[in-house]
Amino acid sequence: MNILVLNCGSSSVKLQLIETKTGSAQGPERVLARGSVERVGSAEATLWFELAGKPAHRSQQEIPDHKEAISRLTSFLEGAPGEADGTSRIDGVGHRMVHGGQFTHSVRITDEVEREIEKARDLAPLHIPHNLKGYHAARALFPGIPQAAVFDTAFHHSLPRRARFYALPYEWHDRYQLRRVGYHGISHRYLALRYAELHGARPEDFKLITVHLGSGCSMCAVNRGTSVDTSLGFSPVEGLVMGTRPGDVDTAALLHIMQWEDMSAEQMLDTLHRRSGLLGLSGASNDMRDLEERMRRGDPRAQLAVEVFCYRVKKYLGAYFGVLNGADAVIFSGGIGENSPAVRALACEALDSLGIRLDAEKNHAAVGAEADISAEGASTRVWVIPTREELLIARETAEVIMGDAD
Ligand code: ADP
């Protein structure tokens, strides 16, 4: 079954066409094509597209909206000499949805499902509106083709109540569905499954701490395949320091600042989502590559931002060792986790009491590739595993479609 996987952000569309093998023919997925558009809505959007084994196409053009971006990207499939290998056929569309409200698993998108997803719009304002734009565009472009939503929150439905509740007035939990839902679940789940696969074992055989460090960052304590705690909470602002979000802060300090600066709640939310984190502290950039470059040039604010970022990861590593009562492995992933040996080294510094010791050479060499980077004899293994959220989305979408057909 060929599944088109869509991941739509505010100004970007990422797309993959993945051949899945389900049922008795279950096996490794094959990526038939991939592409992206950055700066959607601008006159100089950049489009990139690649059919497996063929040279990539890159161009700059005006792309006014998400629908046009998806339409231009999928038009490459039609022109491809793909009939023989099925590249031009789409059997289903899988959408990454950052917040899934009460959904505990992937579902086919109906009007009712869409209304439920809509309810989460205010909680994930950087993501949900754009995820839904992708769905509307795909529905118009591929009428009649089943579409599924795969939620980042679903994996964390297993959180026990001690990890889910805030120590706030109890009635708010009922009135506002206030609870820690967690995010990045597709990535954390993929990492746990992949770690088991790499070891020829089952996820139930391991206690893992997965560390996803991208634009958004989160960690997850995975107890034998199940999420038991995660660092993002009710909104995608809690926990680790992120590109533009602060992670954990003293909430009372925020209220004081709102008074002192005469700020509205809306302005404060905007600051927490868009002007904090690495960007807020460094005053320069939300991009780790830029900050590493600035550090090399001796920029003290970039140094501070990276130090705070790494220290927060280290603190959560300690916390999750406690939550799990020990862990077999720590897995780094996401754009920063996969590519920055410096961040991994700083986050794992002086944690030998937890059995964590990196091999400096292996850490340095592991850039964008699967690798065990722990020192020989270290009792807790540390791995780098590039996340492949699209594979999991394709697999789940195929299963939803097959389930509906039964
Ligand atoms: P998104 O959450 O938007 O998918 P990514 O997972 O691509 O984001 O992560 C983006 C982050 O990864 C940025 O901070 C970027 O600077 C960082 N990054 C990418 N490559 C490197 C690298 N080689 N070294 C350090 N950081 C990197």
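Just so it is clear, the structure is predicted and the values come from calculations on it, not from any experiment. Numbers for residues simply follow the sequence, beginning at 1.
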Review point. In terms of side-chain heavy atoms, does Y166 have a donor or acceptor partner in E238 at a distance below 3.5 Å?
Key: yes
Review point. Is the number of heavy atoms from other residues, nucleotides or ligands within 6.0 Å of CD (E376) greater than 12?
Key: no
Review point. Aromatic rings Y183 and H99: how do their planes relate, parallel, tilted or perpendicular, breaks at 30° and 60°?
Key: perpendicular
Review point. Taking everything shown except E118 itself, do over 12 heavy atoms lie less than 6.0 Å from its CD?
Key: yes
Review point. Of all residues at least two apart in sequence or in a different chain, which pass the salt bridge (charged side-chain N to carboxylate O under 4.0 Å, His left out) check with K314?
Key: none
Point to revise | Partner residues of D372 under the side chain to side chain donor-acceptor pair (under 3.5 Å) criterion, sequence neighbours left out | key: S374, R381
Check your understanding: Going by atom types alone, do Q61 and R72 pair a side-chain donor with an acceptor below 3.5 Å?
Key -> yes
Practice item. Evaluate whether atom CZ of R162 has more than 12 neighbouring non-hydrogen atoms of other residues, nucleotides or ligands under 6.0 angstrom away. Key: no
**Study point:** Pair S106-E399, side-chain donor/acceptor within less than 3.5 Å
**Key:** no
Check your understanding: Closest heavy-atom contact between A149 and M97?
Key -> CB-CG, 3.7 Å
Check your understanding: Between the side chains of D248 and Y316, does any donor sit under 3.5 Å from an acceptor?
Key -> yes
Point to revise | Where A196 and F206 come nearest, the two heavy atoms and their spacing | key: CA-CE1, 3.8 Å
Exercise for review: Ignoring hydrogens and angles, tell me if any N or O in the side chain of D65 forms a donor-acceptor pair with the backbone of G41 under 3.5 Å.
Suggested key: no
Check your understanding: Do T210 and H188 get their side chains close enough for a donor-acceptor pair, meaning under 3.5 Å?
Key -> yes
Compile the donor-acceptor pairs under 3.5 Å between side chains in residues 8-16 and protein atoms, sequence neighbours left out, one pair per line.
none

Check your understanding: Just wondering, are more than 12 heavy atoms of other shown residues or ligands nearer than 6.0 Å to NE2 in H364?
Key -> no
Exercise for review: Look at the side chain of S71 and the backbone N and O of K67, then say whether any donor-acceptor pair between them is shorter than 3.5 Å.
Suggested key: no
Practice item. Evaluate whether atom CZ of F165 has more than 12 neighbouring non-hydrogen atoms of other residues, nucleotides or ligands under 6.0 angstrom away. Key: yes
Exercise for review: Using only heavy-atom distances, determine whether the side chains of Q267 and E261 contain a donor-acceptor pair under 3.5 Å.
Suggested key: no
**Study point:** Working for salt bridge (Lys or Arg N to Asp or Glu O under 4.0 Å), residues R296 and E293
**Key:** CA-CA 5 Å; R296 280 190 281 274; E293 179 52 36; 3.3 Å; yes
**Study point:** Short side-chain donor-acceptor distance under 3.5 Å, S42 and E44
**Key:** no
Exercise for review: Indicate whether the side chain of H156 and that of S227 have a donor and an acceptor atom separated by less than 3.5 Å.
Suggested key: yes
**Study point:** Over 12 foreign heavy atoms within 6.0 Å of CG, D262
**Key:** no
Practice item. Verify the distance criterion only: is there a donor paired with an acceptor across the side chains of R179 and Q177 at less than 3.5 Å? Key: yes
Point to revise | Heavy-atom pair of closest approach, residues L47 and H57 | key: CD2-CD2, 3.6 Å
